[in-house]
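Proteins get letters first, then strands, A, B, ... in listed order; numbering begins at 1 in each.
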Protein chains: 2
Amino acid sequence: MTAQLPLRARDLERRGLRDRVYELILEMLLEGDVEPGSRLSIDTLAKQLDVSPTPVREAMVQLERTGLVTREALKGYRVAPPLGREQLSELFDARLMLELEATRLAAPRAQPVLDELRRAHRLHQACADRVVEAMEQGPDVPVRMTQDYFEADGAFHRAIFAAAGNRYLIGMHEDLGAMTHRLRQAVLRGTSDVREAHAEHGRVLAALERGDADAATAAMRAHIEGVRTRSVRDETP
Amino acid sequence: MTAQLPLRARDLERRGLRDRVYELILEMLLEGDVEPGSRLSIDTLAKQLDVSPTPVREAMVQLERTGLVTREALKGYRVAPPLGREQLSELFDARLMLELEATRLAAPRAQPVLDELRRAHRLHQACADRVVEAMEQGPDVPVRMTQDYFEADGAFHRAIFAAAGNRYLIGMHEDLGAMTHRLRQAVLRGTSDVREAHAEHGRVLAALERGDADAATAAMRAHIEGVRTRSVRDETP
DNA sequence: GGACCCCACTTCCTATAGGATTTCCGGAGT
DNA sequence: ACTCCGGAAATCCTATAGGAAGTGGGGTCC
């Protein structure tokens, strides 16, 4: 019998360089400190991350899928331009369809994940409280804090998709995830938005606890439309 | 002013090696003559296609997304195993959601693409006729013929998504495209299937011509469920 | 006879190098 | 002042080479 913990620790490292490079670049993009339209040179990135261009190249192919970067053959990659009005509308339509279907499928089989949903909801609340508090203190909200808030928000939705139990729906939701993330960053403006979003989640959760599928989907529709409304309100002041 | 046609002809070639490699491997996989689970060696593929491993590697990352190949870090790529019963069911659920939403969105704005839909429908019919004729002659239907049939079938659906005008829906539909293709190959069994599928398309088209959104979505639902029924009927004889 | 180990082969993964193309910038011409 | 052009630097793209890990087979020991 050999030691098991060292082996498992090694397995965590055993993911190939490509995946780590992918996560690093993704994180960099989601931080939001890169100018849309600016070039993403493969060689430069490789030097910055201290790896060879090949894994960077593979990661970029993967990133292309998320819509965060665009590629022009023989001309390289660029940071994707910000979402236009029309694109935004389409994104909401697509997300509405996905979230409604996921809620519909999840409602009758939500029982096993109710605990997880409640936990995610409480975490969401805690993060929201901190964000609101920081907002009232001053205009500068720490990046870490908003990241946590987004993560908690996303976790709630992911739990619903997990309950729905359809791998293709989950995949589509993940695909939209990066775009949605960019969107959320633009939406987080006032304290009321945070409060409203949390309240809307609460109504979805309550309906799922009652096992009321119709109410749950209706609450989810209200939530997504609420986000849409707040989004366009911020878009054009 | 410089000559324009030569330049445009050159642009067609200007897609980088990666895209061409991707299409070649994709075509190879969709032909269906590769054993599920068999290994896809990068070096071997590179030698077969007479290119270096790098573009092959990029193409494989892209293929991984389609679900046709699976990757295990440091162990290479394999042809994805055939779809299980559960996976099949989830695929149908996801596709049903997409096609219904696309039909719903397309119905009020189908007018400009009706001609294209009718053309696709006629082509579908022509291909169906040829397939039926070949089936009645003998058990062996030429690959080329079935390919054309699938292409015509897919074109009809794509036209609806184009009319829907949501780029994310189109993207999701394309993502499922490869899986759906594998599915269709398994479904094409009897002459009645071909006839039924075409008739179901016809009812969708008729509803769209009348501008009746509810009837169109209902007809589309009937179509997808019809495919599902025929699929599981063939699955377990 | 079965299990274990060692070794050669294959394959993946990464790094480096070179050719082709694009981009950028300064200068000449109109 | 604007346009056009030419060359240099940066960049993409592809090819080749080598180290690291996995895979399979044969031999040996129990």
Legend entry - Test of ring centre spacing under 6.0 Å for A:Phe161 and A:His173: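 Yes, they do, as the ring centres are separated by less than 6.0 Å.
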Within this structure, what is the [atom1]-to-[atom2] distance between [X] and [N], rounded to whole angstrom?
{"X": "B:Glu64", "N": "C:dC12", "atom1": "CD", "atom2": "P", "value": "14 Å"}
{"X": "A:Met60", "N": "D:dC12", "atom1": "CE", "atom2": "P", "value": "9 Å"}
{"X": "B:Glu58", "N": "C:dT14", "atom1": "CD", "atom2": "P", "value": "14 Å"}
{"X": "B:Arg18", "N": "D:dA15", "atom1": "CZ", "atom2": "C1'", "value": "18 Å"}
{"X": "B:Lys47", "N": "D:dA17", "atom1": "NZ", "atom2": "P", "value": "12 Å"}
{"X": "B:Tyr22", "N": "D:dC13", "atom1": "OH", "atom2": "P", "value": "18 Å"}
{"X": "A:Leu74", "N": "D:dT14", "atom1": "CG", "atom2": "P", "value": "7 Å"}

Inset, instruction - Would you tell me if any nitrogen or oxygen in the side chain of B:Arg57 comes within less than 4.0 Å of OP1 or OP2 on C:dC13? - result: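 Yes, B:Arg57 has a side-chain N/O under 4.0 Å of OP1/OP2 on C:dC13.
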Inset, instruction - Verify the contact: side-chain N or O of B:Ser52 to OP1 or OP2 of D:dA15, cut-off strictly under 4.0 Å; return yes or no. - result: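 Checking B:Ser52 against D:dA15: at least one side-chain N or O falls below 4.0 Å of OP1 or OP2.
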Inset, instruction - Report yes if some heavy atom in the side chain of B:Asp175 is under 4.5 Å from a heavy atom in the side chain of A:Met172; otherwise report no. - result: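 No, every pair of side-chain atoms sits at 4.5 Å or beyond.
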From the list [options], which nucleotide is the closest neighbour of the side chain of [X]?
{"X": "B:Lys75", "options": "C:dT16, D:dT23, D:dT14", "value": "D:dT23"}
{"X": "A:Pro53", "options": "C:dT16, C:dC12, D:dT16", "value": "C:dT16"}
{"X": "B:Ile42", "options": "C:dC13, C:dT22, D:dT14", "value": "C:dC13"}
{"X": "B:Thr44", "options": "C:dT11, D:dT14, C:dA15", "value": "C:dT11"}
{"X": "A:Ser41", "options": "C:dC12, D:dC12, C:dT14", "value": "D:dC12"}
{"X": "B:Arg71", "options": "C:dC13, D:dT16, C:dA15", "value": "C:dC13"}
{"X": "B:Val51", "options": "D:dA15, C:dC13, D:dT11", "value": "D:dA15"}
{"X": "A:Arg39", "options": "D:dC13, C:dT23, D:dT23", "value": "C:dT23"}

Legend entry - Modelled atom types, side-chain donor and acceptor of B:His201 and B:His223, under 3.5 Å: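 Present: a donor and an acceptor within the cut-off.
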Inset, instruction - Would you mind classifying the nucleic acid contact of A:Leu45 as base, sugar-phosphate or nothing, using non-hydrogen atoms under 4.0 angstrom? - result: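 Nothing, no heavy atom under 4.0 Å.
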Inset, instruction - Answer yes when A:Arg78 and A:Glu72 have at least one side-chain N-carboxylate O distance shorter than 4.0 Å, and no when they do not. - result: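 Salt bridge: no.
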Inset, instruction - Considering only NZ, NE, NH1 and NH2 on the basic side and carboxylate oxygens on the acidic side, decide whether B:Arg228 and B:Asp93 come within less than 4.0 Å. - result: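 Salt bridge: yes.
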Legend entry - 5' precedence on DNA chain C between B:Glu72 and A:Asp43 (nearest-nucleotide basis):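 This one resolves to B:Glu72.
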